[in-house]
> 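This is the structure I want to talk about, given as structure tokens.
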Amino acid sequence: MKNRGIKGETKAALLKGMHDGIPIGLGYLAVSFSLGITARNAGLNPFQAFLASLLCNASAGEYAGFTLIAASAPYIEMAIITLITNARYMLMSCALSQRISPETKLRHRFFMSMHVTDELFGIAISQPGYINPYYSYGAALVAAPCWAVGTVLGAIAGSILPLRIVSAFSVALYGMFLAVIIPPARHDRVICGIVLFCFTASAAATYLPALSGLSSGTRTIILTVAISAASAILFPRKQEETAQ
């Protein structure tokens, strides 16, 4: 009877995760289409683009990687900028680790960590009590294939569509990034100022003698670390604000 109860809980958690993962998967399908076109422009074929998204569920990280591939950047530069771009997932993983039962086996922790994205983290952390690993599996079972399929569809479209349409679709991914930064910038003058400073500093870095000779990836690494560190020191978040 006890085993039946455990299996019932497992099945219920899996189905609930799949249910909650459907809207996320549909969103991934649309966004990753533009990412697939970016991958195609970087020289990747549809299978390579599919494999990249299947193994790396990170929009900004993948975009940075594809951009560096297109620029023929060295591997070390690609590794560093991907690490910086995806650093927020380490914080999310730390938060999730506090919501996992101490009895959860290592293999479950490992597979759960493979699909810590902004959206999947959001629905997982909102669950009451300890997070059932099968809830995470269910959500990832729907969302991850949609992300990979959308990427491969974008890569295929990039191969057959006219250049003007491909160029138009290539801009769509920037819209997603704007959708991430504009809402908080509208409600927080500090964030708005930092965003504007980032744009200005990035443009200036292409002309400054000390930075213009560096590759775009190296400039991005320097600016990201310097601006984020300075922002954290000059504008620390109060504990009350972080908890909201």
Side-chain angles (χ1 to χ4, degrees), residues 1-36 47 49-63 65 82-154 173 176-177 179-180 183-184 237 239-244:
M1 293 294 293
K2 184 178 181 181
N3 289 336
R4 288 184 179 179
I6 294 175
K7 289 182 179 179
E9 292 178 4
T10 298
K11 182 178 179 181
L14 183 69
L15 292 176
K16 188 175 189 306
M18 294 178 68
H19 176 271
D20 294 348
I22 290 175
I24 295 176
L26 294 176
Y28 281 177
L29 193 65
V31 172
S32 60
F33 186 87
S34 299
L35 187 67
F47 176 74
F50 172 81
L51 196 61
S53 282
L54 189 64
L55 299 177
C56 180
N57 299 288
S59 56
E62 280 189 67
Y63 176 75
T82 302
L83 176 63
I84 294 173
T85 305
N86 295 332
R88 68 188 186 280
Y89 295 130
M90 292 189 288
L91 301 178
M92 294 180 190
S93 298
C94 290
L96 283 176
S97 69
Q98 306 303 308
R99 296 287 308 281
I100 297 176
S101 171
E103 299 178 358
T104 302
K105 295 182 179 179
L106 180 60
R107 66 174 182 270
H108 287 305
R109 296 173 182 268
F110 174 79
F111 287 117
M112 290 174 70
S113 69
M114 288 293 294
H115 296 284
V116 179
T117 67
D118 302 75
E119 297 77 16
L120 296 181
F121 167 80
I123 62 173
I125 204 70
S126 64
Q127 298 304 303
Y130 287 130
I131 301 171
N132 191 315
Y134 288 91
Y135 176 82
S136 297
Y137 298 160
L141 196 62
V142 176
C146 288
W147 181 258
V149 169
T151 305
V152 73
L153 291 177
L173 198 62
M176 183 197 71
F177 295 135
V180 172
R237 305 292 289 181
Q239 188 172 359
E240 296 80 9
E241 295 177 349
T242 306
Q244 293 178 352

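Keep in mind that the numbers below use all heavy atoms, side chains included, and drop hydrogens, waters and symmetry copies.
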> Under a 4.5 Å cut-off applied to non-hydrogen side-chain atoms, are Leu26 and Cys146 in contact?
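Leu26 vs Cys146: side chains apart.
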
> Considering residues at least two apart in sequence or located in another chain, which fulfil the side chain to side chain donor-acceptor pair (under 3.5 Å) criterion with Thr82?
none

> For Tyr89, enumerate each residue passing the side chain to side chain donor-acceptor pair (under 3.5 Å) test, keeping only those at least two apart in sequence or located in another chain.
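Partners of Tyr89 by the side chain to side chain donor-acceptor pair (under 3.5 Å) criterion, ordered by chain and then number, come out as Asp118.
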
> What are the two closest non-hydrogen atoms of Ser136 and Ile131, and how far apart are they?
OG-CG2, 3.9 Å

> Atom CG in Leu120, atom NE2 in His115: separation rounded to 0.5 Å?
8.5 Å

> Quick check: closest heavy atoms across Pro23 and His19, and the distance to 0.1 Å?
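Answer, listing the atom of Pro23 first, then His19: CD-O, 3.7 Å.
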
> For Tyr137, enumerate each residue passing the side-chain contact (heavy atoms from CB on, under 4.5 Å) test, keeping only those at least two apart in sequence or located in another chain.
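Scan of Tyr137 (side-chain contact (heavy atoms from CB on, under 4.5 Å), adjacent residues dropped) gives Leu14, His108, Phe111, Met112, Pro133, Tyr134.
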
> So how far is it from Ile24 CD1 to Glu119 CD, rounded to the nearest 0.5 Å?
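If we round to the nearest 0.5 Å, Ile24:CD1 and Glu119:CD are 6.0 Å apart.
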
> About how many Å separate CG of Asn57 and CG of Leu55, when rounded to the nearest 0.5 Å?
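With rounding to 0.5 Å, CG (Leu55) is 8.5 Å from CG (Asn57).
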
> To check you understand the geometry: which heavy-atom pair defines the closest contact between Ser53 and Glu62, and what is its length?
OG-OE1, 2.8 Å

> Suppose we screen for side-chain contact (heavy atoms from CB on, under 4.5 Å). Which residues come up paired with Ser101, at least two apart in sequence or across chains?
Glu103, Thr104, Tyr130

> If I take atom OG from residue Ser126 and atom CZ from residue Phe121, how far apart are they, to the nearest 0.5 angstrom?
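Separation between the atoms: 9.5 Å.
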
> Using the side-chain contact (heavy atoms from CB on, under 4.5 Å) rule, pick out the option among Leu29, Thr117, Val31 that qualifies with Trp147.
Val31

> Show the nearest heavy-atom pair for residues Val142 and Gly21, with the distance to one decimal.
CG1-O, 3.7 Å

> Look up atom CG in Leu96 and atom CD1 in Ile100, then write down how far apart they are to the nearest 0.5 Å.
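Here the interatomic distance stands at 6.0 Å.
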
> Using the side-chain contact (heavy atoms from CB on, under 4.5 Å) criterion, which residues pair with Leu54? Sequence neighbours excluded.
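Leu54: side-chain contact (heavy atoms from CB on, under 4.5 Å) contacts with Phe50, Ala148.
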
> Let me confirm one number: the OG-CE distance from Ser113 to Met92, rounded to the nearest 0.5 Å.
14.0 Å

> Minimum heavy-atom separation for Thr151 and Ala49, please, with both atom names.
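Heavy atoms of Thr151 and Ala49 come nearest at CG2-O, 3.5 Å.
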
> Do you know which two heavy atoms are closest between Gly150 and Ser32, and how far apart they sit?
CA-OG, 3.1 Å

> Which residues pass the side chain to side chain donor-acceptor pair (under 3.5 Å) test with Asp20, sequence neighbours left out?
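So Asp20 forms a side chain to side chain donor-acceptor pair (under 3.5 Å) with Lys16, Tyr135.
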
